[in-house]
Amino acid sequence: MGRMSIDDQVPPHTPALSLYREIERAEWARMAGGLAQPLAETEVVQIRGIGDRLSLDEVAQVYLPLSRLLSLYASSTKELGADTSAFLGEEDTTTPFVVGVAGSVAVGKSTIARLLRELMSRWPGTPRVELVTTDGFLYPNAELERRGLMDRKGFPESYDRRALVSFLTEVKSGADEVRAPFYSHMRYDIVPDAHVTVRRPDVVIVEGLNVLQPPPAPNDVAVSDLFDFSIYVDAEPDDIEQWFVNRFLALRQAAFSNPNSFFNRFAQIPDEEAVPRALGYWRDINLPNLVENVLPTRHRASLVLKKAADHAVSSVLLRKL
């Protein structure tokens, strides 16, 4: 008789174990029962990014329950911090609850981060919420040019990782005021002497492509080591490609049309030229970054939002405690 494998010993219908609970859209939406919609249509329009299809229904069914869950996590963490201080006989020194939001270019993570900032600030336990994007920690264009990295903007090596870790370390250490550099999407560059100031809020949301990257060396601190909760916004690469192209076309009539925009040269090009140009940017830069650097970090997230081709969230993966 041959040796029995592990697979032979598992009953055929035993569900595979997972670190995550997978919750279908309809089941997740039921968790919004009894929660009042805090945002008006005009507010959702202001939050929505170009190309996103964020609706009031999507806010109510997906992001309102998510904001409530995050508020519960933040409040519980604050209580644990206070209890720990009391146990040690010290003054309560609880620091901000930090949420990371990761995902590909054009997947909608910036809209989600802005939306969560608005929704979480409506809950009693988290009235002060700040949002910081990792774009501010990109090296200035001049430095990227010097390093030969302009065509790899958005890849991990294009960021000042040490500055980002230092910023978050100060936040999590309880500093009264911490400053982050400011990035202008109009200029496509860091703005000298401009800053985003964080003054010890209840919650800090950090949004960016590579925020779930492991540390470059074993003894280094990962950015995600300083998160209390993390979200990965997931979608099929083919869907994201279409969203990227659609956004590029829409931007010609919006930000690109500004004479001061770095991309103003694309404002007047016809569709037959714009589409191949957008596809080139996606396939040569953004898709390789997604495949090589961003997607491999998905399993590090506390929660994964899985989007369908219409930008709507189809299911939620929530890491078990």
Side-chain angles (χ1 to χ4, degrees), residues 66-67 70-71 73-78 80-82 84-85 92-103 109-110 112-117 120-121 125-140 143 153-183 190-191 194-233 289 293-294 296-304 319:
L66 176 55
S67 73
L70 289 172
S71 181
Y73 270 73
S75 296
S76 296
T77 301
K78 186 175 183 179
L80 178 60
T84 302
S85 294
D92 182 11
T93 55
T94 305
T95 60
F97 186 82
V98 180
V99 179
V101 180
K109 64 185 181 301
S110 297
I112 290 170
R114 290 192 298 269
L115 178 59
L116 289 176
R117 176 182 60 187
M120 289 190 73
S121 68
T126 53
R128 297 183 304 121
V129 183
E130 297 287 351
L131 171 60
V132 175
T133 73
T134 59
D135 291 341
F137 294 92
L138 284 161
Y139 288 114
E143 179 63 16
K153 198 168 186 178
F155 281 70
E157 62 268 28
S158 65
Y159 292 87
D160 188 343
R161 197 193 70 85
R162 289 185 179 180
L164 176 56
V165 168
S166 177
F167 167 80
L168 287 174
T169 299
E170 288 190 64
V171 168
K172 289 302 293 180
S173 298
D176 290 333
E177 181 176 294
V178 190
R179 289 185 172 187
F182 178 76
Y183 182 85
I190 301 295
V191 179
H195 298 89
V196 176
T197 303
V198 173
R199 295 185 175 88
R200 201 168 178 173
D202 301 299
V203 178
V204 176
I205 298 173
V206 181
E207 177 261 311
L209 287 166
N210 300 296
V211 294
L212 295 180
Q213 281 280 312
N219 292 330
D220 288 341
V221 175
V223 172
S224 58
D225 290 339
L226 299 163
F227 293 161
D228 297 289
F229 195 96
S230 55
I231 298 166
Y232 184 93
V233 187
N289 194 21
N293 301 303
V294 182
T297 69
R298 178 177 56 188
H299 71 282
R300 297 170 62 86
S302 310
L303 180 142
V304 179
R319 186 181 283 269

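Computed over heavy atoms, backbone and side chain alike; hydrogens, waters and symmetry mates excluded. Predicted model only: the values in this text are computed from it and were never measured.
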For residues [X] and [Y], determine if any side-chain heavy atom of one lies less than 4.5 Å from a side-chain heavy atom of the other.
X      : Y      : value
Thr126 : Leu70  : no
Tyr183 : Thr134 : no
Glu170 : Ser166 : yes

Extract all donor-acceptor atom pairs below 3.5 Å that involve side chains of residues 203-215 and protein atoms in other chains or at least two apart in sequence.
residue : atom : partner : partner atom : Å
Glu207  : OE1  : Ser110  : OG           : 3.2
Glu207  : OE2  : Ser110  : OG           : 3.3
Asn210  : ND2  : Gly154  : O            : 2.8
Gln213  : NE2  : Asn293  : O            : 2.6

Using a 6.0 Å cut-off, check whether atom CZ of Arg128 has over 12 heavy atoms from anything other than its own residue.
yes
Lys78 atom NZ, neighbour heavy-atom count above 12 within 6.0 Å
no
Roughly how far apart are [X] [atom1] and [Y] [atom2], rounded to 0.5 Å?
X      : Y      : atom1 : atom2 : value
Arg298 : Ser230 : CZ    : OG    : 13.5 Å
His299 : Arg319 : NE2   : CZ    : 8.0 Å
Ile112 : Arg114 : CD1   : CZ    : 10.0 Å

Just say parallel, tilted or perpendicular for the rings of Tyr73 and Phe229, cut-offs at 30° and 60°.
perpendicular
Just to verify, what does Thr169 make a side chain to side chain contact (heavy atoms under 4.5 Å, CB included) with, not counting sequence neighbours?
Val165, Ser173, Leu226
Determine, stepwise, if the pair Leu303 / Leu66 fulfils side chain to side chain contact (heavy atoms under 4.5 Å, CB included).
CA-CA 10 Å; Leu303 180 142; Leu66 176 55; 3.8 Å; yes
Output all residues satisfying salt bridge (Lys or Arg N to Asp or Glu O under 4.0 Å) with Asp160, sequence neighbours left out; order by chain, then residue number.
none
